Amino acid sequence: MKIIIFLIFYLISVVICYKDVIPLGYESHNDSLVIKYNENENYYKNISFLWNGKSRYDMSFNCVLNNTIRTCTLPVKESDHAQMYSESIVACTENNGTFQMCGYYVPLLFFPSPLLISEFRPKTRGGNTTLSGYYLELQERLIVHFENPYFNDQFRWVDGFYLIPGAFESKTPDRINLKLDVYPGCGYRTIVWENLETFNFTYQDPNIEKIANNQSTLDITGTNFYNQSIYVSVKIDNNIIDPNDIISVDFENIKLKFNYSDPFSSKLNVQVGCCDYWSNKFQITYPPIPSSVNSIPKLKGGLLIINGNRLTSSPSSNNNNISISVGDSNCSIVSSSSNEIKCNLQPLSNPKLNNSPLIVVSINGIVNTNELLLNYDIPYITTFSQVNDEIHIIGGCFGNINSTQIQINGKQVLNQIKSINNDETILILNVQNQIYNFNISMESNSIKSNEINVDVKMFGRINEIPSVGNKLINFTLLYVNSSNINSIPTIKILNEKSNQIIKSILTNVNESVVSCSFLIENNCGIINYEIEIGNQRYQSSFSYESPFINNCNLNSNEIVICIGKAFGNTYNETSIIISNQSISIKKEINNSSYESISFQMNEEYNILGELYLNVCGLSSNKVIINTIPIFKNVSIPNLFDKNGGDIIIIGKYLNNNNTNITIECNGEEILEKECKLNNSGTSLECNIKLNGPNDKNCKLLFNYNKNNSNNIVSTFNLIYKSPSINQTSIINLKQGGILTIIGNDFYYPIDKVTIIGDNGNGSDDNLNCDEPKYINDTMITCFIQATNYTFNNIKNGEMIFINVSTNGKSGTSKVFKYLTQSDDARQYSDARNIFQNLLLSILIIVIISLFISNI
């Protein structure tokens with residue numbers, strides 16, 4: 001809209017006539033100017049640049065008609081550029097090759113625009129700015145018009161609309177590089193040439209060079225800011241600050257309110273925006289500010305406590321981002337907060353160096369800018385505490401007990417230091433009698449510390465640890481004010497619901513020391529109390545003696561009796577714990593001396609676990625119950641074999657002590673036995689090495705004594721296995737031969753082998769196998785005489801019974817094949833082969849077993 005108004009204003013001064021030249025468009029090039037026309041329009045043929053009515057420079061167009069568009073090109077040589085300037089331009093015109101006129105005034109409204117050859121970026125302050133290009137003064141310009149979108153900007157008022165002119169500085173022979181006096185501005189702007197063509201440019205971007213960070217303001221210094229705050233913005237860490245916080249703006253300086261209140265060190269990026277064009281990011285820091293540090297011993301090192309502000313990183317960080325260096329040494333971080341850092345510093349390897357090293361605090365790479373020095377070996381006192389009759393002075397660099405001197409109320413005192421810890425941070429002072437309030441300082445390493453005031457409070461101590469049940473408790477009260485000396489002391493037991501106040505029944509006074517005695521019903525455990533005398537109070541606690549167990553024994557009635565001391569005398573005072581299982585006592589402990597306690601042992605208690613007592617919250621030592629086994633019976637799960645077997649002794653409170661258990665069979669003690677106890681102590685499994693096969697009558701004895709027959713706790717019988725027959729060889733009775741019998745539990749000697757022919761019919765029809773021989777416990781042999789003897793009612797090839805008798809044990813099995821006919825030779829041979837293979841397999845198994853047992 002402004003451009004249209006501008007044109008109307010411009011055209012008023014131009015006389016429009018029929019012979020005017022009205023081009024369609026323009027092109028500006030380094031080596032030519034191009035103007036396009038409609039076919040029937042007038043056009044420039046020759047052009048002259050006039051100066052002061054005296055000089056002129058003539059140039060000619062080359063025109064070409066293409067369809068309905070005529071293109072006229074003005075060739076421009078390098079030497080032409082310096083001559084193409086004038087106070088006015090005149091031309092000769094044609095129309096379709098027909099001369100029209102000469103001396104035609106050429107307005108820039110109908111002529112090509114200047115061609116800029118370099119970037120045009122004026123400063124926001126404005127002023128002389130070089131405008132480099134061609135055709136800048138084809139006709140002398142006094143101003144260049146800028147289209148201005150910011151109505152509140154600096155402006156020149158022309159006929160009702162805003163224009164920003166830029167005036168050329170002066171006439172100059174250099175027509176390519178001209179000085180333009182630009183008005184102040186910022187951001188994006190547009191130059192409007194006379195022919196209504198435009199050139200877009202931007203003012204230079206703002207640039208931050210320095211920021212002064214004061215307590216509550218930021219003072220930003222730089223270039224190409226703007227002097228109108230409405231067009232100025234400031235971003236801090238990408239957050240645009242409130243415009244109301246901008247105090248002042250100028251082209252090189254911006255001042256704004258900004259109060260950094262975060263308690264941690266930080267880096268912030270600041271940007272300035274002018275007309276929505278943003279500057280570089282400039283980083284400001286809020287560094288840690290260490291203001292004070294304690295002293296530590298040079299030869300021992302110690303804990304440094306650095307106080308100040310912003311001594312931690314942001315909440316999302318951790319101590320890994322914090323480092324402390326003291327001179328050339330690193331200090332290991334212990335903890336940090338906004339106003340305190342604690343770190344451990346090692347002793348100096350060379351104590352002659354670094355008497356006052358510089359402390360550098362770095363948090364997220366941000367280092368303190370102030371100077372803080374560490375001074376070694378300077379004693380200092382921070383506070384004190386009173387522990388009964390001791391005053392604990394707390395500070396640092398206290399030296400050692402032999403060299404450190406104490407001054408009380410400005411005077412040196414001797415033999416008052418009880419101890420100084422190895423870190424030289426705690427000095428324990430014996431309280432001087434009769435001194436209630438005093439000032440204390442010290443001197444170490446020939447350096448005197450600061451002075452603090454110590455106010456000694458009344459305190460009390462119990463004269464001796466009271467025994468359980470003792471009601472009379474004696475106290476000594478020290479540092480009693482003279483105004484309270486004649487008052488009667490009282491004691492309040494704080495862990496009683498009643499909070500009963502008890503008066504002293506006996507009181508003695510010696511200067512500021514008061515001895516008093518109280519009758520206290522609570523007679524076990526830990527007692528919290530408060531003693532009051534006059535207007536002085538003292539709170540503390542004392543403990544009755546702890547319970548102690550000498551031993552605990554289980555008697556034959558399964559009652560556990562524990563002997564010791566300080567057991568208490570009521571069931572609500574005392575509890576018994578076995579293997580962390582609490583046992584309730586349901587009756588009073590009727591023992592005025594508190595030296596024994598008993599309870600019934602139940603099966604659910606782990607008798608093997610540790611036992612201890614808890615009396616009013618005090619625990620005794622732990623002991624193991626001495627038990628006496630209780631035997632019930634002996635179980636034999638399986639029959640014994642040749643080598644013996646297992647028995648299971650069943651009872652309660654059994655143990656692995658085999659020396660007090662004796663097994664006697666048929667009047668002889670069994671020496672070879674191995675017993676294993678189960679976890680609950682209710683069974684003891686014993687393996688007995690006792691050869692068979694004769695059954696035996698046995699007795700289990702406890703604490704065996706040949707002179708005492710009353711120690712038999714159980715009797716039992718050992719029953720051995722009878723022989724079993726699995727297989728025999730094949731013998732034809734008519735031929736006779738050696739019969740081999742395979743089985744188990746054969747014993748030496750073999751009494752008799754009998755072939756039984758009744759086959760369950762009840763007839764006495766037997767055949768003896770002579771010369772029985774014991775090979776091993778799984779094989780025997782005997783000899784069958786050749787005979788024509790036959791069994792009644794038994795068919796040839798039928799299986800019949802065979803019996804083996806040995807040492808009173810007898811075994812029978814239907815495994816013997818009855819063969820008497822000669823046509824059974826093949827069957828006999830096959831059976832023999834099978835039996836031989838069986839014998840070979842047994843032999844191999846025996847050999848392998850012997851080999852494995854010898855490995």
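Computation of the quantities below employed the complete heavy-atom set of this structure, encompassing side-chain atoms and omitting hydrogens, waters and symmetry-equivalent molecules. This structure is a prediction, so every number in the text was calculated from the model and none was measured.
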- Item | Student check: side-chain heavy atoms of Asn726 and Val815 closer than 4.5 Å | no
Exercise for the section: Scan side-chain atoms only and decide if Lys696 and Asn694 contain a donor-acceptor pair under the 3.5 Å cut-off. Expected result: no
- Okay, side chain of Thr806, backbone of Tyr747: is any donor-acceptor separation there less than 3.5 Å? yes
- Task: Report, as yes or no, whether the 6.0 Å neighbourhood of atom CD1 on Ile401 holds more than 12 heavy atoms from other residues, nucleotides or ligands.
- Result: yes
To the nearest 0.5 Å, atom CG of Asp641 lies from atom CG of Asn744 at 10.0 Å
Salt bridge (charged side-chain N to carboxylate O under 4.0 Å, His left out) between Glu664 and Lys699: does it pass, once the steps are laid out? CA-CA 5 Å; Glu664 190 178 90; Lys699 296 180 290 185; 3.2 Å; yes
| task | Please step through ring-ring contact (aromatic ring centres under 6.0 Å, His included) for the pair Phe746 and Tyr748, ending with a clear verdict. | result | CA-CA 7 Å; Phe746 297 142; Tyr748 179 85; over 10 Å; no
Minimal heavy-atom distance between Thr740 and Met779, with the atoms involved, is CG2-CG, 4.1 Å
Between Ser805 and Ser810 the two heavy atoms that sit nearest each other are OG-OG, 3.7 Å
Q.
Does atom CD1 (Ile465) have a neighbourhood of more than 12 heavy atoms from anything else shown, all under 6.0 Å?
A. no
In this structure, CD1 of Ile725 is separated from CZ of Phe801 (nearest 0.5 Å) by 10.5 Å
Using only atom types and a distance under 3.5 Å, with no angle test, would you say the side chain of Ser598 pairs donor to acceptor with the backbone of Val560? no
Is there a donor-acceptor pair closer than 3.5 Å between any side-chain N or O of Asn421 and the backbone N or O of Ile426? yes
Closest heavy-atom pair, Leu611 versus Cys562, reported as atoms and distance to 0.1 Å, is CD2-SG, 4.0 Å
One should read off an interatomic distance between Ile738 CD1 and Lys773 NZ, to the nearest 0.5 angstrom, of 7.0 Å
*Taking everything shown except Gln600 itself, do over 12 heavy atoms lie less than 6.0 Å from its CD?*
yes
### Query
Can you find a heavy atom in the side chain of Ile563 that is under 4.5 Å from one in the side chain of Ile549?
no
Distance col, row Tyr818:OH vs Ile800:CD1, nearest 0.5 angstrom, shows 7.5 Å
d(Cys782 SG, Asp770 CG) to nearest 0.5 Å is 8.0 Å
**Prompt:** Under 3.5 Å, side chain of Ser620 to main-chain N/O of Leu613, donor-acceptor pair present?
**Reply:** yes
Which of Ile578, Ile559, Ile561 passes side-chain contact (heavy atoms from CB on, under 4.5 Å) with Phe599? It is Ile578
Discussion item. Centre-to-centre under 6.0 Å for Phe475 and Tyr529, is that the case here?
Written reply: yes
From the list Thr754, Asn766, Thr812, side-chain hydrogen bond (donor to acceptor under 3.5 Å, both in side chains) partner of Asn803 resolves to Thr812
So NZ of Lys342 and OG of Ser336: to nearest 0.5 Å the spacing works out to 11.5 Å
Nearest heavy-atom contact between Ala786 and Lys734 is CB-O, 3.4 Å
Under a 3.5 Å cutoff, is there a donor and acceptor pairing between the side chains of Asp745 and Ser724? no
Minimal heavy-atom distance between Gly797 and Leu819, with the atoms involved, is CA-CD2, 3.9 Å
